[in-house]
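Down below is the structure, laid out as structure tokens.
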Amino acid sequence: MSDMDRLLRRSPHRPDAATHSQLTVFARRIALLGVIAAGLLLLGAGGLALSESVSVWYAFRWALDTAATVGGFPQPQTLAGQIVQVALVVLGVGTLFYALATVTEFFVAGHLGDLLAARRMQRMIDSLSDHHIICGFGRVGRQVARDLRAARANYVVVDSTSDSRHLAEGLGLCFIEGDAAEDSVLVQAGIARARSIIACADSDANNVFITLTARELRADIPIVARAAIEDTEKKLKRAGSDRVISPYKASGTEMARLALHPQLSGVVDVDVEYRMEEIPVGEGCEGLGQTVGDIRGGSMIVGLRRGAAFQPQPPAETPLLSGDVIVAMGTPLALERLEGLLQSASGRP
């Protein structure tokens, strides 16, 4: 089991609220507290200035001293001034405690740490260029990330779920929590410097919107999209996808090929009429002992694997031994003939 699968099994659920919204709420609460405190001081200063017949500046300092419970000014002489003083003490202390509770909650809940982590992540993403953007971190997106990591390619993952964020953080991936169909999210992911867009969200509709957004932002970027439904392939093409992959169709085609030709160890589609196959040289097959030039026919032998060694474009005079694996490219008809020549004697009817 891979690291991604293990983390996915044991990853706990995180709160749904994003760090950005949490910071916005905190900023609004602090701004509201500031407005309340300023209004309280201005009203208190006005009340003291009128009731105690002092200057506005003296009254403001008196109100500030009273609200902060410092006690550096004398007690008011009039009943109205005493009422203003009591109101300042009660409301000022209450506002101060609420502000302290708000700030404490912000630090204890870890919002500041989330903010700093998000800024570090964004700096990492801003430093990337010629990278890939994976839109969606479901089963297909995780496999894409594995393959890109194996190829040592740089990539950024974009997904809107907090579970995917936790999984990506556990793996040390560059991750942005957001909707990849939004312009700002793709810009944040560095679409201007990216090498390609891979739209592999679980929803075909989301992949169409992601493709439209990416194509509008960059007309020249290659886009590879996932389609679960056959009708969606045409829509993704019209939306601007360069390549559309249907996992279900591709896996079904691969299963049918392996069922029809069990001796094959791998198949890759090169074009509509051409494909590349790995074909093992079976024991007792018709092609055993013949050379590469003898058996290739209308196909092209692009490689020969013998044990741990691999020889690209083997010479035509290279003899075939039992256990060899040849990599051939050609039309289905030419490859079918080659499969028949290399099929083991025990596998023939």
**Request:** State, with a plain yes or no, whether a side-chain heavy atom of Arg195 is found less than 4.5 Å away from one of His131.
**Result:** no

**Item:** Validation row: Asp163, Leu167 side chains within 4.5 angstrom (heavy atoms)
**Value:** no

**Asked** Would Arg215 and Asp242 count as a salt bridge (Lys or Arg N to Asp or Glu O under 4.0 Å) if you check the C-alpha gap in whole Å, the side-chain angles of each, and the deciding distance to 0.1 Å?
**Response** CA-CA 10 Å; Arg215 184 57 69 206; Asp242 299 286; 3.0 Å; yes

**Request:** Determine yes or no for a side-chain-to-main-chain donor-acceptor pair under 3.5 angstrom, with Asp294 supplying the side chain and Thr291 the backbone.
**Result:** yes

**Message:** If only side-chain N and O atoms count, and only distance matters, is there a donor-acceptor pair under 3.5 Å linking Ser160 with Glu177?
**Reply:** no

**Prompt:** Is there a side-chain contact between Arg226 and Ile245, using heavy atoms and a 4.5 Å cut-off?
**Reply:** no

**Request:** Report the distance from atom CZ of Arg238 to atom OG1 of Thr232, rounding to the nearest 0.5 Å.
**Result:** 10.0 Å

**Request:** Drop me the distance from Arg123's CZ to Met121's CE, to the nearest 0.5 angstrom.
**Result:** 11.0 Å

**Message:** Which residue in the set Val325, Leu304, Val327 passes side-chain contact (heavy atoms from CB on, under 4.5 Å) when paired with Phe310?
**Reply:** Val327

**Fill in**
Closest non-hydrogen contact found for Ser164 with Thr161 is OG-OG1, 2.8 Å

**Message:** Check for me, please, whether Ile133 and Ile221 land in the same ILVMFWY cluster - side-chain distances under 4.5 Å, paths through other members count.
**Reply:** yes

**Prompt:** For Gln77, does its backbone N or O pair with a side-chain atom of Glu52 as donor and acceptor, under 3.5 Å?
**Reply:** yes

**Message:** Walk me through whether Val185 and Ile176 qualify under side chain to side chain contact (heavy atoms under 4.5 Å, CB included).
**Reply:** CA-CA 8 Å; Val185 174; Ile176 295 176; 4.1 Å; yes

**Request:** State, with a plain yes or no, whether a side-chain heavy atom of Phe137 is found less than 4.5 Å away from one of Arg165.
**Result:** no

**Asked** If you look at every heavy atom in Val158 and Ala189, which pair is closest and at what distance?
**Response** CG2-CB, 4.1 Å

**Asked** Just wondering, do Tyr155 and Leu173 contact through their side chains at under 4.5 Å, heavy atoms?
**Response** yes

**Request:** Find the distance between CG (Asn154) and OG (Ser129) and round it off to the nearest 0.5 Å.
**Result:** 8.0 Å

**Main-chain N/O of Gly178 paired with Glu182 side-chain donor or acceptor, under 3.5 Å** = no

**Item:** Residue pair Leu43 / Leu88, side-chain heavy-atom distance below 4.5 Å
**Value:** no

**Request:** Identify the heavy atoms of Ser246 and Ala228 that sit nearest to each other, and give their distance.
**Result:** OG-O, 4.5 Å

**Request:** Identify the residue among Asp179, Leu186, Asp159, Asn206 that makes a side-chain contact (heavy atoms from CB on, under 4.5 Å) with Cys135.
**Result:** Leu186

**Message:** Can you confirm whether Leu341 sits close enough to Arg337 that some side-chain heavy atom of one is under 4.5 Å from a side-chain heavy atom of the other?
**Reply:** yes

**Prompt:** Could you give the distance from OG (Ser127) to CZ (Arg193), rounded to the nearest 0.5 Å?
**Reply:** 8.0 Å

**Request:** Report yes or no: does Arg218 contribute a side-chain atom to a donor-acceptor pair with the main-chain N or O of Ala194 at less than 3.5 Å?
**Result:** yes

**Request:** Considering non-hydrogen atoms only, spot the tightest contact between Gly44 and Val84 and give its length.
**Result:** O-CG1, 3.7 Å

**Request:** Measure across Leu338 and Ser299 and return the closest heavy-atom pair with its distance rounded to 0.1 Å.
**Result:** CD2-OG, 3.7 Å

**Request:** Check whether Leu217 and Ile125 end up in the same hydrophobic cluster, where Ile, Leu, Val, Met, Phe, Trp and Tyr are linked by side-chain heavy atoms less than 4.5 Å apart.
**Result:** yes

**Asked** Considering all heavy atoms of both residues, which atom of Leu41 and which atom of Ala67 are nearest to each other, and what is their separation?
**Response** CD2-CB, 4.1 Å

**Item:** Trp62 (side chain) donor-acceptor with Ala49 (main chain) under 3.5 angstrom
**Value:** no

**Request:** Test Leu342 against every option in Asp324, Val281, Leu288 by the side-chain contact (heavy atoms from CB on, under 4.5 Å) rule and name the one that passes.
**Result:** Val281

**Prompt:** Taking a hydrophobic cluster as the set of Ile, Leu, Val, Met, Phe, Trp and Tyr residues connected by side-chain heavy atoms closer than 4.5 Å, whether directly or through intermediates, do Met300 and Leu333 fall within one such cluster?
**Reply:** no

**Request:** Please tell me if the side chains of Ile301 and Pro314 come closer than 4.5 Å, counting only heavy atoms from C-beta onward.
**Result:** yes

**Prompt:** Can you tell me if Ser241 uses its side chain to pair, donor with acceptor, with the backbone of Lys237 under 3.5 Å?
**Reply:** no

**Message:** Students often mix this up, so state it plainly: with edges at 30° and 60°, are the rings of Phe60 and Trp57 parallel, tilted or perpendicular?
**Reply:** parallel

**Prompt:** If two hydrophobic side chains count as joined below 4.5 Å and joins carry through other members, does Val208 share a cluster with Val224?
**Reply:** no

**Item:** Glu216 atom CD, over 12 foreign heavy atoms within 6.0 Å
**Value:** no

**Request:** Determine, step by step, whether Cys200 and Ile134 satisfy the side chain to side chain contact (heavy atoms under 4.5 Å, CB included) criterion, reporting the C-alpha distance in whole Å, the side-chain angles of both residues, the deciding distance to 0.1 Å, and the verdict.
**Result:** CA-CA 7 Å; Cys200 52; Ile134 304 174; 3.7 Å; yes

**Message:** Using the rule given for salt bridge (Lys or Arg N to Asp or Glu O under 4.0 Å), can you reason through Glu277 versus Arg275, listing the C-alpha separation, both sets of side-chain angles and the distance that settles it, and then say yes or no?
**Reply:** CA-CA 7 Å; Glu277 295 182 358; Arg275 68 174 188 249; 2.5 Å; yes

**Asked** Crowded around Arg139 CZ? As in, over 12 foreign heavy atoms under 6.0 Å?
**Response** no

**Item:** Side chain Asp204, main chain Ile229, donor-acceptor under 3.5 Å
**Value:** yes

**Asked** Between Gln85 and Gln75, do the side chains contain an N or O donor and an N or O acceptor separated by less than 3.5 Å?
**Response** yes

**Request:** Show your reasoning for whether side chain to side chain contact (heavy atoms under 4.5 Å, CB included) applies to Glu278 and Ile326.
**Result:** CA-CA 6 Å; Glu278 286 188 352; Ile326 66 168; over 6 Å; no

**Asked** Parallel, tilted or perpendicular: which describes the rings of Tyr58 and Phe73, with under 30° parallel and over 60° perpendicular?
**Response** perpendicular

**Message:** If hydrophobic clusters are built by linking Ile, Leu, Val, Met, Phe, Trp and Tyr wherever their side-chain heavy atoms come under 4.5 Å apart, do Leu32 and Leu42 end up in the same one?
**Reply:** no

